[in-house]
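All values reported here derive from a predicted model rather than from experimental measurement.
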Amino acid sequence: MTPVPAPSLPRAVAPVRFAVVGVPENRRVTLFAEAVGAAGLPAPRIVPWTRVLREGPRFQPGETVRVDSPGEDAETDWLLRGVPEPTRVEGTARWYARFSEAARAIGRAASAAGATLLDDPEDLAVLFDKRLTHARLSMAGVAVPPSPTSGAGGPVVGGWTDLRELLRDHRMPRAFVKPAHGSSASGILALETAGPGRVRATTSVARAPDGRMYNSLRVRRYSTEREVAALVDALAPEQLHVERWLPKASSSGRAADLRVVVVAGRATHAVVRTSAFPMTNLHLGGARGDLTAVRAAVEAAGYGWDAALAVCERAAACFPGTLCVGVDLLPAPGWRRFAVGEVNAFGDLLPGLPGLPGRGAEGRDTYAAQVAATRSAVRSVHVSQ
């Protein structure tokens with residue numbers, strides 16, 4: 001009798017071992033570590049940003065490396081920006097140069113150690129330059145607000161005079177003016193012009209008598225050209241990106257947009273953000289809206305909820321080396337069109353937000369979804385081998 005061969009079984013897969021470059025004790029790191037523990041995996045090894053910036057990164061063979069935000073830590077902020085006060089607006093251009101250099105060092109160290117990196121350094125370099133992100137999205141056919149500063153070779157805004165000419169030449173009476181390397185609405189001006197000498201800027205920037213600029217949790221308006229010109233002139237050295245101010249849909253009488261988290265190419269989580277101000281950031285007085293009502297409005301408009309999420313997935317696909325991004329989706333009035341306003345490398349801080357139905361993350365928050373996606377990818381690699 002011919003012996004029956006034993007069935008071939010997939011090789012045993014060792015548990016994923018995470019190393020997280022982050023700020024120890026920060027809520028982002030803590031929430032991710034909790035998700036790792038809940039999945040029954042070994043606790044992640046935390047690599048402090050301060051160590052990376054002072055000594056350089058080191059990883060162990062077989063580790064899966066996650067790069068998390070260097071924010072909310074005064075020492076890390078000082079090492080990156082060289083500005084002694086964490087609430088200051090200035091220093092973003094220096095932050096970008098040092099962060100990009102550190103991200104590339106992380107990439108080299110991970111490669112040398114045989115570790116797997118979840119955040120591609122070159123993706124991060126684009127994600128933290130709004131001009132480069134805008135150009136990459138536009139080239140991929142993703143709808144974005146029109147911008148005269150898109151890409152690496154756009155015009156340099158040296159100050160208020162340059163900006164006024166740019167807005168006039170491109171017929172943009174309403175525009176968002178953003179520090180190219182900013183985040184969390186830091187330094188952003190929602191600018192309205194209506195003829196010579198008539199101008200208004202809505203922003204969270206508070207300007208001290210000595211000219212220093214600070215982030216504030218209170219949104220304010222500057223309504224004279226002298227005040228606005230001083231702000232723009234002070235922000236210009238940080239490098240500025242300019243976009244047409246697109247009108248947004250409303251929810252419960254407030255301007256609305258969506259933050260959509262995309263994990264491993266799939267939109268898994270979404271939150272509606274509403275505000276009485278042009279910036280809908282939740283820390284600036286924005287509030288979470290009714291996602292069920294918004295989904296119904298999108299369907300009723302004929303666009304389709306899945307089609308709206310697909311816009312975010314196309315945006316995320318522009319950064320194929322990065323496991324997770326947060327996409328800011330801008331709905332036009334009536335919910336009939338959508339554009340992408342921002343793509344955020346660290347846009348997953350939405351504690352307790354449940355996964356969207358039918359998107360593969362039911363019962364998981366944004367961190368648990370990333371852990372599950374990483375484990376699934378590791379299994380796929382081992383089985384294919």
Side-chain angles (χ1 to χ4, degrees), residues 10 13 15-18 20 27-44 64 66 68-69 116 118-119 251 256-274 280 282 286-301 303-317 319-320 322-329 331 335 338 340 343-383:
V13 179
V16 178
R17 293 184 294 110
F18 284 102
V20 178
R27 54 185 175 163
R28 292 175 179 272
V29 171
T30 300
L31 289 167
F32 184 77
E34 289 174 354
V36 171
L41 297 173
T64 297
R66 168 185 170 86
D68 216 326
S69 171
T116 300
L118 298 181
D119 307 89
S251 179
D257 62 16
L258 296 99
R259 165 65 59 84
V260 179
V261 177
V262 181
V263 178
R266 195 162 195 195
T268 57
H269 298 75
V271 62
V272 179
R273 307 183 303 182
T274 71
T280 57
L282 299 179
R288 291 193 183 189
D290 186 338
L291 183 62
T292 300
V294 164
R295 178 171 181 170
V298 174
E299 295 286 0
Y303 192 92
W305 178 243
D306 286 342
L309 296 180
V311 174
C312 301
E313 291 171 348
R314 287 198 298 273
F319 305 95
T322 300
L323 176 69
C324 175
V325 294
V327 179
D328 290 349
L329 190 62
W335 304 94
F338 290 86
V340 171
V343 183
N344 304 272
F346 306 130
D348 54 3
L349 183 61
L350 296 166
L353 184 69
L356 293 168
R359 308 296 300 182
E362 293 90 341
R364 299 188 180 114
D365 67 7
T366 59
Y367 297 104
Q370 292 172 69
V371 172
T374 303
R375 295 182 76 181
S376 177
V378 169
R379 286 196 192 97
S380 296
V381 169
H382 279 265
V383 169

[X] side chain near [Y] side chain, heavy-atom distance below 4.5 Å:
| X | Y | answer |
| --- | --- | --- |
| T374 | T116 | no |
| V261 | V271 | no |
| V16 | V371 | no |

Scan the side chains in residues 35-42 for donor-acceptor partners under 3.5 Å anywhere in the protein, sequence neighbours excluded, and list what turns up.
none

What distance do [X] atom [atom1] and [Y] atom [atom2] have between them, rounded to the nearest 0.5 Å?
| X | Y | atom1 | atom2 | result |
| --- | --- | --- | --- | --- |
| F346 | D119 | CZ | CG | 6.5 Å |
| R259 | N344 | CZ | CG | 4.0 Å |
| T268 | Q370 | OG1 | CD | 8.0 Å |

Can you name the closest pair of heavy atoms from [X] and [Y] and give their distance?
| X | Y | value |
| --- | --- | --- |
| L353 | A270 | CD2-O, 3.7 Å |
| T292 | D290 | N-OD1, 3.0 Å |
| P354 | H269 | O-CD2, 3.4 Å |
| W335 | A301 | O-CB, 3.4 Å |
| V294 | S251 | CG2-OG, 4.2 Å |
| T274 | G289 | CG2-CA, 4.0 Å |

field: salt bridge (Lys or Arg N to Asp or Glu O under 4.0 Å) partners for R66, two or more places apart
entry: D68, D348
message: With side chain to side chain contact (heavy atoms under 4.5 Å, CB included) as the criterion, how do L31 and L349 come out once you've worked through the C-alpha distance, each side chain's angles and the decisive distance to 0.1 Å?
response: CA-CA 9 Å; L31 289 167; L349 183 61; 3.9 Å; yes
- prompt: Yes or no on side chain to side chain contact (heavy atoms under 4.5 Å, CB included) for V262 and V343, after CA distance, side-chain angles and deciding distance?
  reply: CA-CA 10 Å; V262 181; V343 183; over 6 Å; no
task: Decide if atom CZ of R288 counts as having more than 12 heavy atoms of other residues, nucleotides or ligands within a radius under 6.0 Å.
output: yes
- request: Give every residue pair that meets the salt bridge (charged side-chain N to carboxylate O under 4.0 Å, His left out) criterion with at least one member in residues 349-373, sequence neighbours excluded.
  value: D306-R359, E313-R359
query: Stepwise, does the side chain to side chain contact (heavy atoms under 4.5 Å, CB included) test hold for Y367 with V263?
result: CA-CA 10 Å; Y367 297 104; V263 178; over 6 Å; no
message: Before you tell me yes or no, could you show the steps for T64 and L118 under side chain to side chain contact (heavy atoms under 4.5 Å, CB included), namely the whole-Å CA-CA distance, both residues' side-chain angles and the distance that decides it to 0.1 Å?
response: CA-CA 7 Å; T64 297; L118 298 181; 3.7 Å; yes
